[in-house]
Structure formats: C-alpha cells, structure tokens
Amino acid sequence: MKKITRAFFTLALGGMLFTGCNQPAGDNAETTESSAPEQDVSKGQSMVAASEGETPNILQVALGSPDHTTLVAAVQAAELEDVLVNAGPFTVFAPTNAAFDALPPGTVEDLVKPENKATLANIIKYHAAPGKYTGANIKGVMMIGQATGDKVVVEEKDGATYVNGAKILGTVEASNGVVHVIDGVLLPPAKN
Amino acid sequence: MKSLKISIAALIGISGLFIGCQSGGQKKAASATGSDAASSVYVAPGEYDEFYAFMSGGFSGQLSVQGLPSGRVFKVIPVFSVDAEKGYGFNEETKPMLNTSHGFIPWDDAHHPELSQTDGVPDGRWCFINGNNTPRVARIDLKTFETTEILELPNSGGNHSSPFITENSEYIVAGTRFSVPIPQRNMPINLAKGNFKGALSFITANEPGNMTIKFQILVPGFDYDLAHSGKGKSHGWTFFTTYNTEEAHTLKEAYASQNDKDYIAAVNWKKAEEYLAAGNFTEMPAEYAHNYYDERTQSATSSMLKTVKVLDPAKCPGLIYYMPCPKSPHGIDVNPTGDYIVGAGKLSADLTVHSFDKMIAAIEGKQFDGDAYGIPVLKFDAVNIGTVSSGGLGPLHTEFDDKGNAYTSFFISSEVVKWKVGTWEVLDRVPCYYSVGHLMIPGGDSKKPWGKYMVAMNKITKDRYLPTGPEMCHSAQLYDISGEKMKLILDFPTMGEPHYAQGIHADVVKPNSQKIYRLDENEHPFACKKESEARVERDGKDVHVYMTMIRSHFAPDNISGLEVGDRVYFHVTNLEQDWDTPHGFSVLGANNSELLIMPGQTETLVWEPKKEGVWPFYCTDFCSALHQEMQGYLGVGAKGQGGELKWSLGD
C-alpha cells in the first residue's frame, strides 16, 4: 500500500510539472496553420498560478501536505482539482494517508481505476461541504450537507470533534475554506 | 501541528513551480476554442451584430448593451447610478429619478435585466431591471436606451427575485431577499424567526409612467431568491425560490443550510386579481417613491406614494402554495412550453424538475404535506416529475434553446451542462473560466428562444485577461449552441458584475431606435428653440440662462453681471436635428457635472460661482471641425458687485 501511495504522489507531482510547463507544445499548436481536429485540452482554475503572499487554497494545502498524497492522487484521478480551487467556501475533511491505508487492501487501487472514476468522485465529494464549518459554528451535534447531497454528522466529544466518527486531528485555514485533517475515510451512503 | 508547518514549506516549493510555468496554463486554456472560432464571432467592419445583449452591471448600478457574437460594448446605461458621462443623476432633469423614501440614492446593485414580452416573446419595447439594495425596479426605454421610470418597493429588504415578467408584460415581480419586520419597526434581531416577513410584489409593467404596485402578498420570513413567471399553460402563475426556510438571522452560511428542502413559492396571480376585485385586501400605510422621466418635457418628476394594497394568504385560499425543492434553490426557470419548473438547489448536486400539470392536480387533490405559516406545502412526490443528475456541483440557473434542450450553469464545478427536457438526460458539458453564475441565451427564458448562442457570465476572472491590478473585469464566455456539442468561441469582458442578461435579435430593436429628439416636440419648460430667443433672466439670486448650442457656438457665449452667491441655471438646448450630433457643456468650477445633450434635447446644469473672475465654458463632445472654438465666457463679480446683467453673441 505504501508503495502505491508513493507511486501516486510521484505521478501527481510529475503531472503538475508536465501540465505546468507544457508551453512549447501549446505554442506549436497555435502557430501551425494545420486544421488539426479540435482538442479539448482546457485546464481550469487549478492552473492559475499562485503568487507569493497569497493565502493557499484548499488544493494547494493538500498538495503541500506529505500526509495527504493519497488524497491528492484520488482528487486528481477523479479530476476534481478545479473544484477545490473554486471560490467556495468549502469545508474539506481530509483523510490522512494512514486513514486510506486502513481501508481493506485493494480498495484504493480499485477506486483510482478509470472505470471507477464516478464512484471515486462521489467519495471525494462526500468529504467536501459548501460553507465554512469551523470553530464557533460547529456546535454540539450538527448535520452538514456535503457536495454529494448526503449529510455527515459532526459532533463534539471529550474536547475533540468527530465527523461520522472520524476524529479531526488538525485544522488548516485556506483561502477558499478550511481543511480538517481526519483519521478516517468517510464512506457515503449507498445510492439507490 | 508539525505536519502543517511542513505542509506550508512544501507548498511554497510548489507555488514556485506554478509561477515558473505560469504561461503554460494560459496557452492551453486558450486553445480550448475551436479552430473556426475566430470566423464565427467575427463581425466585419461596418457590419452589425446579430443580437443585442443587455447585461446587468451589478454593483455599478448600470446596464450595458453589448453585441453578439462580437461582445462589443455599445452603451452603458446608468439606471440606479449617477453617470459622469451623460450627467444622469447630476442634471436637474434626471435628479428626481434617483429619489427614494430614504432620500437621493445614486447607486444600487442592479441584478436582473428582463425584456418586455408579447405573447411570451421578447418584443423589444422595454428592458426592466431591479435594484437590490434600496429596493427598486426600473424601466429602460429601448427607443432611446435611457432609464425612464423607477419605482421603489416598500416592505422589502432587498429586491432580488425581480423583475421576471409575465408573458404579456402584465406584471414584473419583486420578492424580497432579506425578510424584515413588516411594517418596519425596531425589534430584537434574534427574534426574527416568525416575526420577520417577506413581500412578493406584482407591478404593472405595460403602461409607461404608471408603474404601480398592483398588490403585495405578505409571506413568511424566508429569503426569496429568484423568480420566473409561467408561460403558455402556466401563464397566470409566478414561481419564486426561497432559501433560509430555517429563518436564521445570523451566520446564514451555516445556519441557513440545515433543512433538506426549501420551497418554491407558486403564486396564482390571476387568483390575486380576483381577490383584489372582490376587495379582499388591506390598504397598508407605506412610503415609496415613483419617478418618471417624461419624454415630452424631457424632465423627471418624483412623487411619494403613501399606501400599498396587501393580500394576506390566510384570507386568500388558493393564492399561494409551496413546492419543496432541495437545498437552498437559486434559479427557478420555466421551459418554453410552460410545462416544467426547474429548481436549481445550489447546495445540491441535482436539479429538481416539477411539473405544472402535476402541481395543479396536487392542488386539486389536496396532496398537502402540512403547511408553512398557513401556506399549504404540496407533497414533493406529487409535484416532482424529474431530477437531472449530472455530477455537476452548485447548480445555479437554467436557460433553454428552441430544440427542447436546457442549459444549466454550475458554479462550483465551473461548467455548463446541457440536458434534454422531458428525459432529463445529460447530453453535453463544457467548462467555464471560471465559476459561472448565470447563463443567457437570447430569448432563453421566453417561449421562443433564439438557440444559436449562449453567454456564460463568470464570477471569477483571475488570469483570463491582461491583469489590471486587484480589480478586474468580469469575464463572459460565448458558446455556439447550434450543434449537438457546445463550442466555446469567445471570451469577452463585461462592465461591473453581470448577474443576468437578456438577449434579443437585433431586428426586433434596431428599427425602433430613435435618432434625435424632435425640437418641435420638445416641451421642456426651459427649452430655447431658436438662437434669437436665447436670453438671461435674473430672479433674485437665481439666474436662468436660456442657451442654445449648434455647430460650433453657444448663444449667448458671453455673459456678464453674474455674482458670487448666484445660482445660475444653464438651460441648454441642442438645436441640431441630425443623427449623432450631441454637444457637451461644462463650466469651470461647476460642482456637479458636465452635460451631454442629444440633438433636440434640453438639459439643465446648476452652477454656483465661488470666485470672482472670468470663467470659460465649452463644449465637451468633439462635435465638429470647429469644436475647439465652441466656447464662451462668464463674468463673475464679487457678491453685490456683479454689475449689469448682459449677454451677447458676436458683439
């Protein structure tokens, strides 16, 4: 499992390098007169360059965390990078690599297969809520509607906060919301 | 915590990569357009665009007029804002347009343009738009492209679900986004729930000069977000989305999203007319302004109205029903046949489609799921006919084409999804750059859309254009929707923040566009229609200058005998009767504005000279070869020492 995770991380970084520095190819495509078939190679807001002094967005926070390489790989496999840089604000519950490792063997490997993209996307979206839920506005027990349309239960217990039973280990503020690092993967209720 | 520090360190490294490769992303995004895109949006020099687009200016309080497919800007019409270009809101004729019960309010948040309709089709007579902040609605005349009427709305705390016309322009509507105490009074804010109320207003739209609140319906204190009126079989009904049915008064970001479903309010306005005719209403005290610019006198007047007719749903059975709709719906859109009502639950992933026929059957069969403050709530399953599950996130608004397709914007996933009305299947999806708000297809909320182009009005610009510092223009994108697949063909900048837009074929509007104001129809009380009648009259401290302008001089152009402390009214008439020959008028030291006066028009600038001396005035619009010579002088003496009042031209 560890090995696979690392492989994904490498892939993820490699992907960034590749897409970020693809200018020569783009230039060629633009300067040639050929009427080559139209290619939709569009990249969304996740490709907007960050500048020094700007607060990192949720995607950038995740990309920068060595504890979340599996999550990042999953986000990329599900092609949800652009969503995580949207104005939001979002609350993202970010399972650690260890949380993914605790899933039954083979789970992650299966999910990142292209044919399971929709299922994977649904799982990732179940970790994100529109709205910024943190600090004072998490009170007692509350339901938060996730991007999938399903709900998670957030509750305070013994000085800690839990979401569907997973413990919030730490919180990072992002420009477009907040990331709560959690120690378990949230599994959405089955769709009918 | 340690891992967080590491995270940030790693992040900075990655940011470095991003910066280093900045232009790569740009080039790739640009190549998302089709190879033939340039020719499809190219409007050759001297040619016309096929469509007018009327795009709201949001916080600019204006309405911009742009061409499609080129995206070119033709005019920015001030509506709820003063405008230094034209003197709107500064000159004496138009100041009353911005009067309200709170005084002179020369700015607002202009959201949703809506064209007048005849038989459900945009007819090119007027464009209406709402002011959200100090609640107002306005009429823009599409002969002159000027704002000619503004009506303030009492009992409203933010006029968002507005103006959304009925199919024969019987009414424009206005629902309050922020519920408030009605009647207004100071009270503890934390007692909002159950005590605040909303109002849904129906305003007569068909008679210029007589925009009237025919009636208001007092409704529970939810947040009324958007609206659309029925058409065809559903004509006679208007639908409003609500959110915050929780009635939260604070941190709505979290507390207004607790309920699984909010409501679509379905209002039977023909029933309302029956109750009105039967006298089943209350005449409620109110205070709100009605402002009208009369084209004969070329002057606006403002009158303060003192009552409004109010209907109470409890006493008017059958007037209003609530239909459940998941997750804080924003857009509410009715398809061209009037069969389906599409709610876009902005915190849901799916679209909810209710059937008008099922709604009527549910009402007749009393398929109720309780009530909300006495208003019957129809059972969800009894009205729902379909769900569009596209996988998109943050659906906001839907427009329609003429081939039975619908197009929905998704803010969070930053895309447009095309789907089939009736089968609800997803047909196509395209990305937007970035985070689209509303969409506009010319005629796309009417019975007969022109399904050729679609404009996406994006909320986030970031790197799409050359940067202009922290504030950037909002970005719009034009898609060709004539084929099966949507094709991005143009990025173009917009003015202010377009929240919505309307489009109409140019042939419907262009032939009616006025070229001049006819001098023989000018009934301005201070008009001076002949140079020989130009004069100056003193009435105590008030001095009235009856001035004319024609290429390339003013009459009179020398005035002496003015004094510090005078109020000098320059009533300036442009004697030209030729298309596109405006003249400008400006006085050194004038504290209010400059004027831009169209041919045949009279406008008035007030000048209160502060300093003794000889002060020039001149034409500010390059009118002619001798424009630089179009100038005059004003002689101002100290208080009480102006001397004899004299005026002349060519002495």
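Chain identifiers are assigned alphabetically (A, B, ...) following the order of the sequence lines, protein sequences preceding nucleic acid strands; residue numbering begins at 1 within each chain. Side chains included, hydrogens not; waters and symmetry mates left out as well; all remaining heavy atoms used.
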Participant: Short question: side chain of Lys125(A), backbone of Gly391(B) - any donor-acceptor pair under 3.5 Å?
Facilitator: yes
Participant: If you round to the nearest 0.5 Å, how far is CG of Asp82(A) from CD1 of Ile412(B)?
Facilitator: 13.0 Å
Participant: Provide the closest heavy-atom pair for Ala349(B) versus Thr148(A) in the form atom of the first, atom of the second, distance.
Facilitator: CB-O, 4.4 Å
Participant: Below 4.5 Å, heavy-atom pairs only: which of Glu54(A), Lys151(A), His68(A) has the largest tally toward chain B?
Facilitator: Lys151(A)
Participant: Kindly compute the distance separating CE (Met142(A)) from OG (Ser257(B)), expressed to the nearest 0.5 Å.
Facilitator: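 The CE atom of Met142(A) sits 9.0 Å away from the OG atom of Ser257(B).
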Participant: With a cut-off of 6.0 Å (strictly less than), are more than 12 heavy atoms of other residues, nucleotides or ligands near CD of Glu115(A)?
Facilitator: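 Atom CD in Glu115(A) is crowded, with more than 12 foreign heavy atoms closer than 6.0 Å.
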Participant: So does Phe411(B) get a backbone contact from the side chain of Asn86(A), meaning a donor-acceptor N/O pair under 3.5 Å?
Facilitator: yes
Participant: Out of curiosity, Met47(A) CE to Lys462(B) NZ, how far, rounded to the nearest 0.5 Å?
Facilitator: 14.0 Å
Participant: Could you give the distance from CG (Asn458(B)) to CD (Gln45(A)), rounded to the nearest 0.5 Å?
Facilitator: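 With rounding to 0.5 Å, CG (Asn458(B)) is 10.0 Å from CD (Gln45(A)).
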Participant: Any residues in residues 247-255 of chain B near chain A, with a heavy-atom distance under 4.5 Å, and which are they?
Facilitator: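 Contacts with chain A: Leu251(B), Glu253(B), Ala254(B), Tyr255(B).
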Participant: Would you indicate whether the side-chain heavy atoms of Tyr434(B) and Ser46(A) approach each other to under 4.5 Å?
Facilitator: no
